[in-house]
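All ligand and atom numbering here is 1-based and tracks the order in the structure. Hydrogens, waters and symmetry mates are skipped; everything else that's a heavy atom, side chains included, is used.
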Amino acid sequence: MFNIDNITRKNIRELTPYSSAREEFSGQATILLDANENPYDTELNRYPDPFQQELKNAIAQLKNINSNQLFIGNGSDEAIDLLFRAFCEPNNSKAFIFPPTYGMYEVSAQINDIEIVRLPLGPDFQLPDLETIKDEIKSTGLLFICSPNNPTGTVYGLEQIKAIADCFYGLVVVDEAYIDFSDSESALSLLDSTPNLVVLQTMSKAYGLAGLRLGIAAASKEIIQVLNKIKPPYNVNTLSQTKGLEAIKNRSTVQEQIKKIKDQREALSTGLQSIKGVKKVYPSQANFILAEFENAVSVFKELQNKGIIIRNRTSLIKDGLRITVGTPQQNETLIDTLKNITP
Ligand SMILES: *Cc1c(COP(=O)(O)O)cnc(C)c1O
């Protein structure tokens, strides 16, 4: 049986967390002389809510989960780092990844001195068959499934994710940074039946708020309690909390943009397929498209010279370039430019 105490590092289990001034009081205060703030109103002279309760309530309602199942970080990257620090121990736990995938898992594992085990994706970037990895993943640590996967745009079925989680002794982290662009169901629906699951989402992509740095981790309340215990007390600033809440309340704008981006994903895919130097365009459930080019690196550089920046992924995927879906105008310019620089 999965028990959170068994996988929490001893030093974290035994930690008495820093208790911030704002944590220890709740209710109506009229005079705040507890936190050495400047008493004159600048709109930001007060420390932020350490647990972002209002923002969490809004997200919880939207996602149909309990707010005590939510952690909000300074970007998803903060959540990833805290998961390593709480639930991995050097020389003991491992970080399992399915490359080609998002680079931060590996970087964060290295920073935390955790061994990385790479289990490459199969044909069409599908997850390897459970039978072939079952024995290898009998370990503690973190196992990352990025769905839709960056940089391939592939989504993975919930049954497959659940089956992997049931074989793993550590935490399975499903990174859903691009879920709002996909037609698939979120792994949030597995939370109740999967105690070792963490689902990451972010306001950096579909919500158009990459500059705010708001990452979301959803998990059991026991896992969230551990993350709360070790996070920097004021990890999400006041402006981010306010703007994040505003964006959730005005969600219709975001929904319209998502629809446009999904339509443009099709247009861009069609455009790319019409270009002679493009060998393959992969289907995508995200807001980017992976394509294989002849002379990929020189195409990448020529675009760069013309002021168009795309992502060179040739180190991960042979001849692979990743293109973010832009506005209709941007996509058209890209396609026209490609027509001129490819044979
Ligand atoms: C962009 C991205 C994120 C978002 O990270 P933030 O720190 O929340 O901006 C997370 N995971 C993947 C796979 C991404 O591509």
Side-chain angles (χ1 to χ4, degrees), residues 52 55-56 59 63 70-85 95-109 111-112 116 118 121 125 127 142-156 161 171-182 184 186-188 197-219 227 231-232 235-237 239-241 243-245 247-248 254 257-258 261 265 282 284-290 309-313 315-317 320-326:
Q52 312 96 24
L55 180 57
K56 276 185 191 166
I59 295 172
K63 308 282 175 191
L70 287 173
F71 170 85
I72 300 180
N74 183 20
S76 316
D77 295 343
E78 181 177 36
I80 294 171
D81 181 60
L82 293 180
L83 286 166
F84 272 108
R85 290 205 254 160
F96 296 88
I97 60 167
F98 297 102
T101 192
Y102 186 46
M104 267 316 285
Y105 314 139
E106 214 168 306
V107 171
S108 208
I111 290 170
N112 287 286
I116 297 154
R118 296 178 190 86
L121 295 171
F125 304 121
L127 288 171
L142 299 177
L143 182 150
F144 291 91
I145 300 174
C146 188
S147 179
N149 186 36
N150 178 1
T152 64
T154 329
V155 284
Y156 302 109
I161 291 171
L171 296 184
V172 169
V173 182
V174 178
D175 187 343
E176 296 188 335
Y178 300 97
I179 191 73
D180 294 311
F181 301 107
S182 121
S184 310
S186 163
L188 287 173
L197 178 67
V198 179
V199 179
L200 299 180
Q201 295 188 356
T202 178
M203 298 193 75
S204 294
K205 305 287 157 63
Y207 275 86
L209 295 173
L212 271 193
R213 314 305 302 126
L214 282 175
I216 301 162
L227 296 179
K231 81 183 184 68
N235 61 326
V236 179
N237 71 68
L239 291 177
S240 294
Q241 295 189 35
K243 287 277 183 190
L245 190 60
I248 287 172
V254 172
Q257 290 172 355
I258 291 172
I261 291 167
R265 180 174 68 199
Y282 286 94
S284 171
Q285 288 281 297
N287 67 335
F288 54 79
I289 292 179
L290 176 70
I309 316 300
I310 63 169
R311 191 82 159 121
N312 179 357
R313 297 285 73 185
S315 58
L316 298 176
I317 296 139
L321 300 178
R322 192 195 71 195
I323 304 166
T324 305
V325 179

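Y105 and F144 have parallel rings, their planes meeting at less than 30° on a 0 to 90° scale where 60° marks the start of perpendicular.
Remark: minimum distance from atom 7 (O) of ligand 1 to any protein heavy atom is reached at R213 NH2, 2.6 Å. Given atom 9 (O) of ligand 1, the protein heavy atom at minimum distance is S204 OG, 2.7 Å. For atom 1 (C) of ligand 1, the closest heavy atom belonging to the protein is K205 NZ, 1.2 Å. In terms of protein heavy atoms, atom 15 (O) of ligand 1 is closest to Y178 OH, 2.6 Å.
Taking the charged nitrogens against the carboxylate oxygens, K231 and E78 have no contact shorter than 4.0 Å, which rules out a salt bridge.
At under 3.5 Å, not a single nitrogen or oxygen of Y105, backbone or side chain, sits near a nitrogen or oxygen of ligand 1.
Between the side chain of S147 and the backbone N or O of Y156 there is at least one donor-acceptor pair closer than 3.5 Å. For the pair R313 (side chain) and L290 (backbone), a donor-acceptor distance under 3.5 Å is absent.
Just one of L171, V174, I80 meets the side-chain contact (heavy atoms from CB on, under 4.5 Å) condition when paired with V198; it is L171.
Residue contacts with ligand 1 do not include M203, since none of its heavy atoms lies under 4.0 Å from the ligand. At least one heavy atom of C146 sits under 4.0 Å from some atom of ligand 1.
When heavy-atom distances to ligand 1 are checked against a 4.0 Å cut-off, S76 comes that close through both its backbone and its side chain.
Here is the list of ligand 1 atoms found below 4.0 Å of a heavy atom in A177: 2 (C), 3 (C), 10 (C), 11 (N), 12 (C), 14 (C).
Inspection of the N149 and T101 side chains reveals an N or O donor paired with an N or O acceptor under 3.5 Å.
When N287, D175, L212 are ranked by how near their heavy atoms come to atom 10 (C) of ligand 1, first place goes to D175.
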Could you walk me through whether S186 and Q201 pass the side chain to side chain contact (heavy atoms under 4.5 Å, CB included) test, one step at a time? CA-CA 10 Å; S186 163; Q201 295 188 356; 3.6 Å; yes
